[in-house]
Amino acid sequence: MSQTLVNPVPQHIAIIMDGNGRWAQERNLPRLAGHNAGAKAVERTLKAAQKAGVKCLTLYAFSTENWSRPKDEIEGLFNLLEQTLDRYTQDAAKHGLRLLVSGEKEPLPSAILEKIAYSVKSTEHNTGLTLNLALNYGARQEIVHAVNALLAAGKQQISMQDISQHLYQPQLPEPELIIRTSGEERLSNFLLWQAAYSELYFSPVLWPDFNEQEFEKALSDYRTRRRRFGAL
Ligand code: IPE
Ligand code: IPE
Ligand code: MG
C-alpha cells in the first residue's frame with residue numbers, strides 16, 4: 001500500500017551558503033563582489049523563510065577554517081557583515097526578526113562584537129523568524145566548548161543531553177533540513193552534533209543566485225523525504 005507522505009514545514013533550516021567566489025569568478029569580478037551579491041541572497045532567503053512559516057534559519061556566514069583565506073577577503077567579509085548587521089537590525093524591528101549569533105568570539109574584531117551584542121540585545125524580544133548567524137563557527141569547536149563548560153561545572157560523567165544543553169544555542173530545535181548550495185556535498189564543520197538526523201539537500205545553484213524559487217524547491221523535496229530515525 002503506497003501512502004503519500006508529507007512532512008510539515010521544518011521549524012529550523014540551516015544553510016551552508018557556498019559559491020560566492022565562483023559566482024564572481026564566472027563574471028571576472030573580485031571575490032568580494034560575490035560576497036556582496038551573497039548578502040542580497042540572504043535577504044531574499046529570510047523573506048522566503050518567513051513566508052513559508054519557518055521559525056528559525058541558521059546561516060553559515062564564516063567558518064573557523066575561513067581564517068586561512070587572504071587577509072583582504074576576510075576584511076572585506078567583515079566590513080560587509082558590519083553593514084548588513086545595521087540593515088538587518090533596522091529591518092528586524094519591522095519584521096519581528098530575532099538575531100542570534102553562534103561561534104567563538106575570539107578573535108573577531110571588537111567593532112563587530114559590539115554591533116552583534118547590540119543587534120542581539122535589541123531583537124531579543126522579537127517573536128518572528130529567528131536568524132541564527134554562524135560566525136567564526138566550527139562544529140567541533142562547539143562540541144569542545146560544551147564539554148569544557150561541563151568540566152568547569154564539575155561534571156565527571158557526560159550524557160548526550162548534557163552536550164545538547166551546552167551547545168551555543170541549546171534552546172533551538174535541531175535543524176530538520178540542511179541546505180548547501182554550489183554543488184559541494186559536505187558539511188565543512190557545520191552542526192555536526194545537531195545534524196545527526198537532518199535531511200540534507202544539495203543545490204547546484206551558487207549562493208548569490210539563490211532565491212525564493214530555489215528555497216521552495218528544497219522545501220518541496222524535504223516534504224517527501226521518509227524520516228525513519230532508525231525505525232522501520
Ligand atoms: C561562501 O562562498 C561564503 C564564505 C565561505 C564566506 P565562498 O567564498 O566559499 O565561494 P566559493 O566556494 O569560493 O565559490
Ligand atoms: C563553508 O564553505 C563555510 C561557509 C559557507 C561559511 P567553504 O567554502 O569554506 O567550505 P569548503 O572549504 O569548500 O569545505
Ligand atoms: Mg566555498
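Ligands are counted one by one from 1 in listed order, and the atoms in each one are counted from 1 as well. This structure is a prediction, so every number in the text was calculated from the model and none was measured.
Applying the salt bridge (Lys or Arg N to Asp or Glu O under 4.0 Å) criterion to Asp209, with sequence neighbours excluded, gives no partner residue.
Relative orientation of the Phe210 and Phe215 rings is perpendicular, given thresholds of 30° and 60° on the angle between their planes.
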Please tabulate protein-ligand N/O pairs under 3.5 Å for ligand 1, atom names and distances to 0.1 Å.
{"residue": "ligand 1", "atom": "2 (O)", "partner": "Gly19", "partner atom": "N", "Å": "3.4"}
{"residue": "ligand 1", "atom": "2 (O)", "partner": "Asn20", "partner atom": "N", "Å": "3.2"}
{"residue": "ligand 1", "atom": "8 (O)", "partner": "Arg31", "partner atom": "NH2", "Å": "2.8"}
{"residue": "ligand 1", "atom": "8 (O)", "partner": "Arg69", "partner atom": "NH1", "Å": "2.7"}
{"residue": "ligand 1", "atom": "9 (O)", "partner": "Asp18", "partner atom": "OD1", "Å": "3.0"}
{"residue": "ligand 1", "atom": "9 (O)", "partner": "Arg69", "partner atom": "NH2", "Å": "2.9"}
{"residue": "ligand 1", "atom": "10 (O)", "partner": "Gly19", "partner atom": "N", "Å": "3.4"}
{"residue": "ligand 1", "atom": "10 (O)", "partner": "Asn20", "partner atom": "N", "Å": "3.1"}
{"residue": "ligand 1", "atom": "10 (O)", "partner": "Gly21", "partner atom": "N", "Å": "2.9"}
{"residue": "ligand 1", "atom": "12 (O)", "partner": "Asp18", "partner atom": "OD1", "Å": "2.9"}
{"residue": "ligand 1", "atom": "12 (O)", "partner": "Arg22", "partner atom": "NH2", "Å": "2.8"}
{"residue": "ligand 1", "atom": "13 (O)", "partner": "Arg31", "partner atom": "NH1", "Å": "3.2"}
{"residue": "ligand 1", "atom": "13 (O)", "partner": "Arg31", "partner atom": "NH2", "Å": "3.0"}
{"residue": "ligand 1", "atom": "14 (O)", "partner": "Gly21", "partner atom": "N", "Å": "3.3"}
{"residue": "ligand 1", "atom": "14 (O)", "partner": "Arg22", "partner atom": "N", "Å": "2.8"}
{"residue": "ligand 1", "atom": "14 (O)", "partner": "Arg22", "partner atom": "NE", "Å": "2.7"}

Practice problem: Check the pair Glu184 / Arg22 against salt bridge (charged side-chain N to carboxylate O under 4.0 Å, His left out), numbers first and verdict last. | Solution: CA-CA 12 Å; Glu184 307 293 350; Arg22 278 162 282 169; 3.0 Å; yes
Quiz item: What do the steps show when you test Lys51 against Glu212 for salt bridge (charged side-chain N to carboxylate O under 4.0 Å, His left out), and what is the final call?
Solution: CA-CA 9 Å; Lys51 195 169 151 193; Glu212 182 176 353; 2.8 Å; yes
Quiz prompt | Chi angles and distances behind the side-chain hydrogen bond (donor to acceptor under 3.5 Å, both in side chains) call for Glu174, Tyr197 | solution = CA-CA 9 Å; Glu174 291 174 355; Tyr197 268 103; over 6 Å; no
Exercise. Could you check Arg180 against Ser188 for side-chain hydrogen bond (donor to acceptor under 3.5 Å, both in side chains), going step by step and ending with a plain yes or no?
Key: CA-CA 10 Å; Arg180 183 169 189 151; Ser188 301; 2.8 Å; yes
Quiz item: Does the pair Arg87 and Glu43 meet the rule for a salt bridge (charged side-chain N to carboxylate O under 4.0 Å, His left out), with working shown?
Solution: CA-CA 10 Å; Arg87 268 215 315 285; Glu43 296 188 30; 2.5 Å; yes
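Below 4.0 Å from some heavy atom of Arg186 lie the following atoms of ligand 2, by number and element: 11 (P), 13 (O), 14 (O).
Close placement of the Phe78 and Trp67 rings is indicated, their centers lying within 6.0 Å of each other.
The hydrophobic cluster containing Val54 also contains Tyr201, counting ILVMFWY residues as joined when their side-chain heavy atoms lie under 4.5 angstrom apart, directly or transitively.
Protein N/O/S atoms nearer than 2.8 Å to the Mg ion (ligand 3) total 1.
Here Val144 is tied to no hydrophobic group at all, with no ILVMFWY side chain closer than 4.5 Å.
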